[in-house]
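I have a structure I would like to understand better, so I am pasting it below and will then ask my questions one at a time.
So that the names make sense, note that chain A is the first sequence line, chain B the second, and so on, each numbered from 1.
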Amino acid sequence: MAGGADLSLETAGLDHPVERGMHWFSRAACAAPGVPGPRVFDRTRGATGRSIDHFQKGRYTDIGLRRSVFGGILSVYSALRLVASGLAVRRGPRFLFRELELVLKSGEVMQLTGPNGSGKSTLLRLLAGFSPADQGTIRLEGMDDSERNSAFHYFGHREGLRAALSAGENLSFLAGLLDGDARRIPEALSRLGIARLENLPVRVLSEGQRRRVALARLIVIDRPVWLLDEPLASLDSEAIAIVSGLISEHAARGGMAMVATHQMLAAKTTALDLAGRREVAA
Amino acid sequence: MTAFSAILKRDLRLARRAGAGAGLGLMFFLTLIAITPFAIGADQKLIARLAPALLWLAALLATLLGLDRLFQADDEDGVLDQFLLSDGSLTLLVLAKAIAHWLVTGLPLSLAAPMLGVMLAIEPQAMLPLMLSLLIGTPALTLIGLVGAALTISLNRGGLLLSILVVPTAIPTLIFGVAVAKAAAAGQDFTMPLMVLGGTTLFALAISPFAAAFALRQARQ
Amino acid sequence: MTDAATPSLWRFANPAVFNRLADRLIVPLAILTALMFGWGLYGAFFVSPADYQQGETIRIMFIHVPSAWMSMFVYAGMSLSALGTLIFRHPMADVAQKAAAPLGAGFTLLCLVTGSLWGKPMWGTWWEWDARMTSVLVLFLIYIGVIALWQSIEEPNRAGRAVAILTLVGAVNLPIIKFSVDWWSTLHQPASVFRLDGPTIHGSMLGPLMIMGIAFLLLYITLLLLVMRAEIMNRRAERLELLAAEAE
């Protein structure tokens, strides 16, 4: 596959240009009659992750603000676009991929596939901002660069749990670290079917249970862009259904997700296949 | 700030938990001090003269030897990735880890020093200044070690390498820390070395968290 | 070993049986311990005479010497338990060993502290790097190591075996350590240093000392039963919690 394959997923109607520095709540919502838009607009600080939180804590009670009309979908997030262009990653003598273009928009789920070693994990870590690309740029449009960090959920092979702490302690730590809402932990755990594990140390949990605990942070910490690396690995069919459902809901609320998995997801997905993109470097 | 306190709280909680090696630094400190007379000999006067140096060296080693796991453990279970997605600046988060580390290593070790000072026959009037010098100086050791811990994060035998990297940087702290106790034992004024010691700690505070955060980011690539 | 048919000591190596036994024994043992301490301390303070050389400070001996005995006795017991862990893989041996370590460390610390208190008026210094005190200090360090290892390995069975090995290595090494410390001490120490064991023990001191020794032993057994019972309960609670979690 030659470089520059157009993977942009822009669809007429869904596409609308979003200015930098805008916040969760899209211009459309803020401009809606009866909504104290300027309040949001003036927040040049644009505490994105926080503003959702403030709504949940009842700081802003006007329900109108929570909604943004986005392509016909009722959304709690502002319109965001994750745009990568000309992306290349080099590993030794070859490129894992080159000239990779992708656009991921609010409400979309992108399924990332490809054989082992094709760079799925690398791409996700790249998008999360953990490491720089060898070439190309990644932008999250619709959000300040300074706020970029708090837009992403990254879920990888290493789940981010400490074995000596209990499930609840782990999640409340992550909630503190990532500005989530620790009060939602019981709800999140029961959603994942592991309410009774809250006080058990993670070290005694099975692989699948551990991953369920780790995935509960997607609920506890509200973030618009989910980057999930094999989230369904080691899960039983019940848990797969739950997680798949979470992803669909997230998309329905106007969030976006990029999921590296070969399983079928419940949500309507667009596909990105990294197979056959390796190239020997010049 | 919530991220900062979340890390502080978690690290202190982990230190209390079994399996986290809580208090190992203190135990190492005790053991090291307890065996030195076997090497030096039971000459009480000689031991007393060497005591400040022994205590400071032991404090340095006790601080450094556990530090290699400081970020490694977080890296292995993937928590470090989450650090990078936090709102808080990585520098502050790293500082939170340093503070937690000092609270479970440097602080108990400083408080235990007078007891060991008794065993090493330190002059009574030097006991408090010695403790003070450790209280003021050991944060510098933790902070300096922090950079080493970040640099050696992905290395298997990080502990040894870390010590090699970091010990030279700890020389000023060692010099002035021992100077405080020596001056106090001789009944002299120890304000000057104490001030300089505080200076080295403040300097480490100003530099290390930034350097460590930078090193961590580099290590991710 | 035929079980059930022949009533043997092995019967008590069953945690449930042990707990029932412990439940019944702890209170009487505690009372007995208190009585022995009362008797022993009375003897130590009121019956036994002051030493012609050391005066009233000799009375520290009635705490110091029994705790020194116990520090070694407990370690010997731990070594036996360690054998039980390694050879028979019996969980009760684990539990006994785990419970004994902090108690042994406590007795050793008591021995060190009382020795230090005794040393101040005798030598004019709190601490002397004399062969005996130093050996006890080394024993204390080994105890500390055993406890640290227990705390560092989370999985009880694995921890039990690791600690058993450490305990036995320590047991084999203790005589060598003792010998080398003695040698080190004679090398550095002027021969005139006053020894804590003193010349001979007067008969009127020996009686209370023995009673105190028995009191310490009873105290140890009582505490050991208490701690072991707690440890068994702890492990059972952990197991139940796990089962409950799995059952969902």
Residues in salt bridge (Lys or Arg N to Asp or Glu O under 4.0 Å) contact with B/R69, at least two apart in sequence or another chain: B/E76
Which atoms of B/A73 approach chain A - backbone, side chain, both or neither, heavy atom under 4.5 Å: both
Side chain, backbone, both or neither of A/R217 within contact of chain B (heavy atoms, under 4.5 Å): side chain
Nearest 0.5 Å please: distance from the CG atom of B/L84 over to the OH atom of A/Y154. 11.0 Å
Please flag which part of A/R125 lies under 4.5 Å from any non-hydrogen atom of chain B: side chain, backbone, both or neither. side chain
Point-to-point distance, once rounded to the nearest 0.5 Å, from CG of A/N149 to CD of B/Q82: 11.0 Å
Return the CG to CD distance between B/D81 and A/E159, rounded to the nearest 0.5 Å. 12.0 Å
Portion of B/L80 that has a non-hydrogen atom of chain A nearer than 4.5 angstrom: neither
What part of A/H153 gets within 4.5 angstrom of chain B, counting heavy atoms only: side chain, backbone, both, or neither? backbone
Does any N or O in the side chain of A/R158 come within less than 3.5 Å of the main-chain N or O of B/V79, such that one atom is a donor and the other an acceptor? no
Contacting region of A/L174 [heavy-atom separation from chain B under 4.5 Å]: side chain
Sidechain-backbone polar pair: B/S86 side chain, A/L177 backbone, donor-acceptor under 3.5 Å: yes
Residues in salt bridge (Lys or Arg N to Asp or Glu O under 4.0 Å) with A/E169, at least two apart? B/R13, B/R17
Residues which pass salt bridge (Lys or Arg N to Asp or Glu O under 4.0 Å) with A/R162, listed by chain and number, not counting sequence neighbours: B/D74, B/D77
Interchain contact, A/L165 with chain B, by part (heavy-atom threshold 4.5 Å): both
With chain A as the partner chain, list the residues of residues 111-120 of chain B whose heavy atoms fall under 4.5 Å from it, by residue number, and write 'none' if nothing qualifies. none
Separation between OG of A/S172 and NZ of B/K9, rounded to the nearest 0.5 Å: 6.0 Å
Among B/D75, B/L85, B/L93, single out the residue with the greatest number of heavy-atom pairs under 4.5 Å to chain A. B/L85
